[in-house]
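See below for the structure under consideration.
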Amino acid sequence: MQAFNTTSLTLSDNRLWILDQQALPQEKQWRTCDSVEELVGHIHSLRVRGAPLIGLSASLLLALLAERGLPREELEQALITLRAARPTAVNLMNNLDRMKLALAQPQWVSAMVEEALRLVEEDRKLCDRIADHGAELVKPGSRLLTHCNTGGLATAGIGTAIGVLLRAHQQGNVQQVWVDETRPLLQGGRLTAWELGELGIPYKLICDSMAASLMAQGQVDAVWVGADRIAANGDVANKIGTYSLAVLAHYHRIPFYVAAPHTTHDPHCPNGAAIPIEQRAATEVTGVAGSFGSCQWAPVDAPVYNPAFDVTPAALISGWVFDSGVITPQQANEGIFTRALG
């Protein structure tokens, strides 16, 4: 299988390597991924994360397993197992649907390899087009707020929302980015802060609960986020805390943009209420653990509610920035949303 490198994935010597996003930013560790069980574990632990990257990792692993001679019936079971690994992110399902079609071809091994590599290249191009469309919405001197991580760590390319920030920064229009720390596992504080620093984009890290006061002070000109699934009506599932930002932005009359590839749109999902929301471990709320060790701050038996995602209603979104272009609220209300992407 043809070798390649992205920020978070490497294919070399017919082995898949993933950048451990649990260890960042303190350590840059590359881990091999040789089995379905191993990849599912990486996804659940958020060593592999980001809706596009999860789908690409699954596709590449299936192609490698096919090359290694795994029987077709076992690959079919692997598809089912991987599909259940991350129920909220629809990119995984879309990629696996295409890999399933490849598996049905007479020359299914070569078809799966070609399809997996095609998906990687497509994602790179999608990210570039999203960045180009989104950057047109960023005004000179903008102070932008982002949530979670949506850059090269989460995609094969330059990212979705962070890709927009990068392109706008290259055009000289970004004064500063406010970075929410973002649960679970403080992915904004660990990953986005690291990534923006690597890209040379000026930023300041804040706690999630500080966004409201910044908006009230007039310190935020727009909010940019990604998405894990976009329903047919435009409702968006994204990292927990996104809905709060949308409500705050609406109150303070600040534009709230969602940047995502068209593969994140799910025309079969009628609205946000139909999107499955993953629940995560209580230990992520009662304490903290990482490459630095662990600490418990809440009572050991404290009851916990810990959804990984929430849903932002379409009515709170100023624009959906896809690789195909920007869809406005008016267009969404007129049904152009579904016709353009469905």
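Since the structure is predicted, the reported quantities are computational estimates derived from the model, not experimental observations.
- Counting non-hydrogen atoms of other residues, nucleotides and ligands closer than 6.0 Å to OH of Tyr257 gives a total above 12.
- For Gln296 (side chain) and Ala298 (main-chain N/O), a donor-acceptor pair under 3.5 Å exists by modelled atom type.
- Counting only distance, with no hydrogens or angles, the side chain of Trp297 and the backbone of Val285 share a donor-acceptor pair below 3.5 Å.
- A cation-pi arrangement, defined by a distance under 6.0 Å to the six-membered ring centre and an angle within 45 degrees of its axis, is present between Arg15 and Trp17.
- The only option from Val258, Asp266, Val90 that meets the side chain to side chain contact (heavy atoms under 4.5 Å, CB included) definition with Ile230 turns out to be Val258.
- Distance CG/Leu205 to CG/Asp180: 8.5 Å, rounded to 0.5 Å.
- Leu96 and Leu16 end up in the same hydrophobic cluster when Ile, Leu, Val, Met, Phe, Trp and Tyr side chains are linked at under 4.5 Å.
- Without hydrogens or angle criteria, Asn306 side chain to Ala282 main chain gives no donor-acceptor distance under 3.5 Å.
- At least one donor-acceptor pair closer than 3.5 Å links the side chain of Asp208 to the backbone N or O of Glu181.
- Put simply, Leu214 and Val225 are part of the same group of oily side chains (I, L, V, M, F, W, Y) that touch within less than 4.5 Å, one to the next.
- Taking a cutoff of 4.0 Å between a charged side-chain nitrogen and a carboxylate oxygen, Glu121 and Arg118 do not qualify as a salt bridge.
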*Would you check, one step at a time, whether the test side-chain contact (heavy atoms from CB on, under 4.5 Å) holds for Met215 with Val223?*
CA-CA 10 Å; Met215 291 181 185; Val223 178; 3.8 Å; yes
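- Transitive grouping of hydrophobic side chains (ILVMFWY, heavy atoms separated by less than 4.5 Å) keeps Leu56 and Leu19 in distinct clusters.
- Within a 6.0 Å radius of CD in Gln217, other residues, nucleotides and ligands contribute more than 12 heavy atoms.
- For the pair Thr146 and Thr192, the minimum side-chain heavy-atom distance is below 4.5 Å.
- More than 12 heavy-atom neighbours from other residues, nucleotides or ligands sit within 6.0 angstrom of NE2 on His252.
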_Trace of the side-chain contact (heavy atoms from CB on, under 4.5 Å) decision for Leu145 with Ile206_ = CA-CA 10 Å; Leu145 190 149; Ile206 61 171; 4.1 Å; yes
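- For the residue pair Pro307 and Gln279, the shortest heavy atom distance occurs at N-OE1, 3.4 Å.
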*Residue pair Asp310, Ile277: steps toward the side-chain contact (heavy atoms from CB on, under 4.5 Å) verdict*: CA-CA 7 Å; Asp310 57 24; Ile277 301 297; over 6 Å; no
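- Here the closest heavy-atom approach between residue Pro184 and residue Lys239 is recorded as CD-CD, 3.4 Å.
- To the nearest 0.5 Å, atoms OG1 (Thr6) and CG (Leu153) are separated by 9.0 Å.
- Closest of all the heavy-atom pairs between Pro261 and Leu126 is CB-CD1, 3.8 Å.
- No side-chain heavy atom of Val220 sits less than 4.5 Å from a side-chain heavy atom of Leu144.
- A pairwise comparison of heavy atoms in Pro313 and Asp235 identifies CA-OD1, 3.4 Å as the closest pair.
- Within the 4.5 Å cutoff, the side chain of Lys204 has no heavy atoms near those of the Val179 side chain.
- The shortest distance between side-chain heavy atoms of Leu64 and Leu11 falls below 4.5 Å.
- Taking a cutoff of 4.0 Å between a charged side-chain nitrogen and a carboxylate oxygen, Arg98 and Glu122 qualify as a salt bridge.
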*Going through the distances and angles, do Arg86 and Glu278 end up as a salt bridge (charged side-chain N to carboxylate O under 4.0 Å, His left out)?*
CA-CA 8 Å; Arg86 177 52 55 83; Glu278 175 191 344; 2.6 Å; yes
*Determine, step by step, whether Leu137 and Trp224 satisfy the side-chain contact (heavy atoms from CB on, under 4.5 Å) criterion, reporting the C-alpha distance in whole Å, the side-chain angles of both residues, the deciding distance to 0.1 Å, and the verdict.*
CA-CA 11 Å; Leu137 299 172; Trp224 282 90; 4.0 Å; yes
*Kindly determine whether Arg83 and Asp97 satisfy salt bridge (charged side-chain N to carboxylate O under 4.0 Å, His left out), including the steps that lead there.*
CA-CA 9 Å; Arg83 195 178 187 90; Asp97 284 345; 3.0 Å; yes
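- Put simply, the side chain of Glu27 never gets that close to the backbone of Leu24: no donor and acceptor are under 3.5 Å apart.
- The structure places CG of Leu185 at 5.5 Å from CZ of Arg280, a figure rounded to the nearest 0.5 Å.
- Val120 is listed as a side-chain neighbour of Arg124, based on a closest heavy-atom distance under 4.5 Å.
- The 12-atom threshold is exceeded at CD of Glu73, counting heavy atoms of other residues, nucleotides or ligands nearer than 6.0 Å.
- Going from atom CG of Leu61 over to atom CG of Asp34 covers 8.0 Å, rounded to the nearest 0.5 Å.
- Panel note: side chain Trp178, backbone Gln219; a donor-acceptor pair is recorded below 3.5 Å.
- Between the CG atom in Leu70 and the CE atom in Met112 there is a gap of 9.0 Å [rounded to 0.5 Å].
- A donor-acceptor pair under 3.5 Å links the side-chain atoms of Arg68 to the main chain of Asn14, judged by distance alone.
- Using a 4.5 Å cut-off on side-chain heavy atoms (C-beta onward), Thr182 and Asn149 make no contact.
- Residue Thr312 holds its OG1 atom at 12.5 Å from NE2 of His250, rounded to the nearest 0.5 Å.
- Proximity of Lys139 to Asn173: side-chain heavy atoms (C-beta onward) are nowhere separated by under 4.5 Å.
- Salt bridge present: Asp128 and Arg167 bring a charged side-chain N and a carboxylate O closer than 4.0 Å.
- Panel note: side chain Arg190, backbone Pro25; no donor-acceptor pair is recorded below 3.5 Å.
- Checking side-chain atoms of Gln22 against main-chain N and O of Ser45 turns up a donor-acceptor pair under 3.5 Å.
- A donor atom on one side chain and an acceptor atom on the other are not found under 3.5 Å apart for Asp228 and Thr88.
- Residue Ile54 is grouped with residue Phe4 when hydrophobic side chains (ILVMFWY) are merged at heavy-atom distances under 4.5 angstrom, including chains of intermediate members.
- In the hydrophobic cluster analysis, where Ile, Leu, Val, Met, Phe, Trp and Tyr join through side-chain heavy atoms closer than 4.5 angstrom, Ile254 is grouped apart from Val164.
- Applying the side chain to side chain contact (heavy atoms under 4.5 Å, CB included) test between Leu53 and each of Asn91, Leu9, Thr7, Ile43 identifies Leu9 as the sole match.
- In terms of heavy-atom proximity, Pro52 sits nearest to Asp123 at CB-OD1, 3.6 Å.
- The two residues Gly197 and Tyr203 have their closest heavy-atom pair at N-CE2, 3.9 Å.
- The closest side-chain donor-acceptor pair between Gln176 and Arg143, if any, does not fall under 3.5 angstrom.
- In this structure, Asp323 contributes its side chain and His262 its backbone to a donor-acceptor pair below 3.5 Å.
- In this structure, the side chains of Lys125 and Cys127 stay at 4.5 Å or more apart for every pair of heavy atoms.
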